[in-house]
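Have a look at the structure below before the remarks.
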Number of protein chains: 2
Amino acid sequence: MTTSSQRQTAPAGELDDRVALRLRQGGVRYTGGRRRVVRSLAAVEGPMSAAELTERLDESVPLSSLYRSLTVLAGAGVLDRSHDASGVARFELSEWLGGHHHHLVCLECGAVDDVDLNEADEEALSTIASRVAVSKSFTEVGHRIDIEGICSKCS
Amino acid sequence: MTTSSQRQTAPAGELDDRVALRLRQGGVRYTGGRRRVVRSLAAVEGPMSAAELTERLDESVPLSSLYRSLTVLAGAGVLDRSHDASGVARFELSEWLGGHHHHLVCLECGAVDDVDLNEADEEALSTIASRVAVSKSFTEVGHRIDIEGICSKCS
DNA sequence: TTCCTTGCAAACGATTTGCATTGGA
DNA sequence: TCCAATGCAAATCGTTTGCAAGGAA
């Protein structure tokens, strides 16, 4: 359930500023607990579960509080929530913070790796996605390819 | 949580035969209950939850039995399990039975619609996916685009 | 003071499992 | 006959919520 990759990472301070602004606009505080959650997620690649997050946060945060932070952050659009193969919720920075990317999902160990496409591929994909959306009278908000298979560790 | 679309549907009998063979090879029986599940899923577009399935199966099947059927069928590779926005499991025929397709996910009502790509787009997408997989030493088993947005009913 | 946030414990809901019964090859 | 499949009820487990205490504006 670990992950690795490379991605353009903005300075930590700038990240905090952007999140703080967003939360303020939503009328909620950017408290220490929420800040720790955001920083933890910014430090890893791939979405994390609440359980994994508590391990990373040395100071033991009660799960209920953690879930509340995650819920608030997701509601404010700071985090994206998805679900792994076993249905457990996983969180990652939203695209406007963490960048647009896709997922490699290992069917063996469940690890999720982030990948960026080169510009040409990304554009080709976006074109396909928006064409489909239009043909179905669907208002596209985003798209993502999930590539399923077996990661190098498991094969 | 409903859905609509078009897709090549094989004759019901042939579907049963293919599933029966697969299950026999896996050493499990193709019982009446399992047959009803498979037929229900073949009759709709988009993945269904266990709860939705019980409604469709007039004869009231206990949830526990239904879940056992779904687990067996997914384990045998007859069904694919995914999860909706709230983490509830949804099942659909595996691609070798139901055909390769992609999903339009409505962020408002949660409906999932199936979409087929034209040959050219599908090939372009496959090429991108396999190129990514290779570059990450990942053994690709499959891929799918999820297009998120607002469906025509909700907008 | 006034709300928002946090802890703790209890409540929830989807899914799973133990066990006894039923049913098909 | 014999083992897989099924029902029912109880158990799990991730996640949510009620309520009282703590904190920031």
Side-chain angles (χ1 to χ4, degrees), chain A residues 1 16 19-38 40 47-76 78-92 110 112, chain B residues 1 16 19-40 47-76 78-92 110:
Chain A
M1 285 299 193
D16 271 345
V19 173
L21 176 59
R22 180 85 167 218
L23 291 184
R24 208 174 309 129
Q25 293 175 331
V28 291
R29 297 177 193 158
Y30 193 27
T31 62
R34 293 170 186 174
R35 198 177 306 260
R36 279 194 294 274
V37 168
V38 168
S40 285
M48 299 187 67
S49 67
E52 292 169 346
L53 230 25
T54 49
E55 290 184 12
R56 275 195 147 261
L57 303 170
D58 42 330
E59 320 170 43
S60 72
V61 182
L63 268 178
S64 63
S65 298
L66 178 55
Y67 274 114
R68 268 196 268 243
S69 292
L70 292 169
T71 301
V72 167
L73 291 169
V78 172
L79 303 185
D80 263 7
R81 186 198 315 248
S82 55
H83 296 271
D84 66 19
S86 56
V88 174
R90 289 181 165 276
F91 302 82
E92 63 188 328
V112 179
Chain B
M1 286 298 192
D16 272 344
V19 173
L21 175 59
R22 179 87 170 217
L23 290 184
R24 209 175 307 128
Q25 294 174 332
V28 291
R29 298 178 191 157
Y30 194 26
T31 62
R34 292 170 188 176
R35 199 177 305 262
R36 280 194 294 275
V37 168
V38 169
R39 285 181 179 161
S40 285
M48 298 187 69
S49 67
E52 292 168 346
L53 230 25
T54 48
E55 289 184 13
R56 274 195 147 260
L57 303 171
D58 41 332
E59 319 169 43
S60 72
V61 182
L63 267 180
S64 63
S65 298
L66 177 55
Y67 273 114
R68 269 198 266 244
S69 292
L70 292 169
T71 301
V72 166
L73 292 169
V78 172
L79 302 185
D80 263 8
R81 187 200 310 252
S82 56
H83 297 270
D84 65 18
S86 56
V88 174
R90 290 180 164 276
F91 302 83
E92 63 187 328

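Chain letters run A, B, ... following the sequence lines, proteins first, then strands; residues in each count from 1.
Residue-level contact check: B:Val72 touches neither bases nor backbone, having no heavy atom under 4.0 Å from any strand. Within the 4.0 angstrom heavy-atom criterion, no nucleotide atom of any strand lies near A:Ala51.
Residues satisfying the side-chain contact (heavy atoms from CB on, under 4.5 Å) test with A:Ser65, not counting sequence neighbours, are A:Val61, A:Pro62. Every residue two or more places apart in sequence or in another chain that forms a side-chain contact (heavy atoms from CB on, under 4.5 Å) with B:Arg81 is listed here: B:Thr71, B:Ala74, B:His83, B:Ala89, B:Phe91. Partners of B:Arg56 by salt bridge (charged side-chain N to carboxylate O under 4.0 Å, His left out), not counting sequence neighbours: none found. In this structure, B:Arg24 has no salt bridge (charged side-chain N to carboxylate O under 4.0 Å, His left out) partners at least two apart in sequence or on a different chain. For B:Thr54, the side-chain contact (heavy atoms from CB on, under 4.5 Å) partners are B:Leu63, B:Leu66, not counting sequence neighbours.
Rounding to the nearest 0.5 angstrom, the gap separating the CG atom in A:Leu53 from the CZ atom in A:Arg36 is 11.0 Å. Considering CG of B:Leu23 and CZ of B:Arg35, their distance stands at 9.5 Å, rounded to 0.5 Å.
The CD-P distance, from A:Glu52 to D:dG14, rounds to 12 Å in whole Å. Distance B:Tyr30 OH to C:dG23 C1': 18 Å, rounded to the nearest Å. In this structure, the CZ atom of B:Arg34 is 13 Å from the P atom of C:dG24, given to the nearest Å. Taking atom CD on A:Glu55 and atom P on D:dG14, their separation rounds to 12 Å, with Å as the unit. Taking atom CG of residue B:Leu23 and atom C1' of nucleotide C:dA25, one finds them 16 Å apart after rounding to whole Å. If you take CG of A:Leu63 and P of D:dG14, they are 9 Å apart, rounded to a whole angstrom. In this structure, the CZ atom of B:Arg35 is 13 Å from the P atom of D:dA5, given to the nearest Å. Between B:Phe91 atom CZ and C:dA14 atom C1' the separation is 11 Å, expressed in whole Å.
Set against C:dT5, D:dA5, C:dT16, the side chain of B:Arg81 has C:dT16 as its closest nucleotide.
The side chain of A:Ser69 places no N or O atom within less than 4.0 Å of a non-bridging phosphate oxygen (OP1 or OP2) of C:dT5.
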>> Strictly under 4.0 angstrom, non-hydrogen atoms only: write out the protein contact profile of nucleotides 17-25 of chain D, one letter per nucleotide from the 5' end, B, S or -.
In response: BB----B--
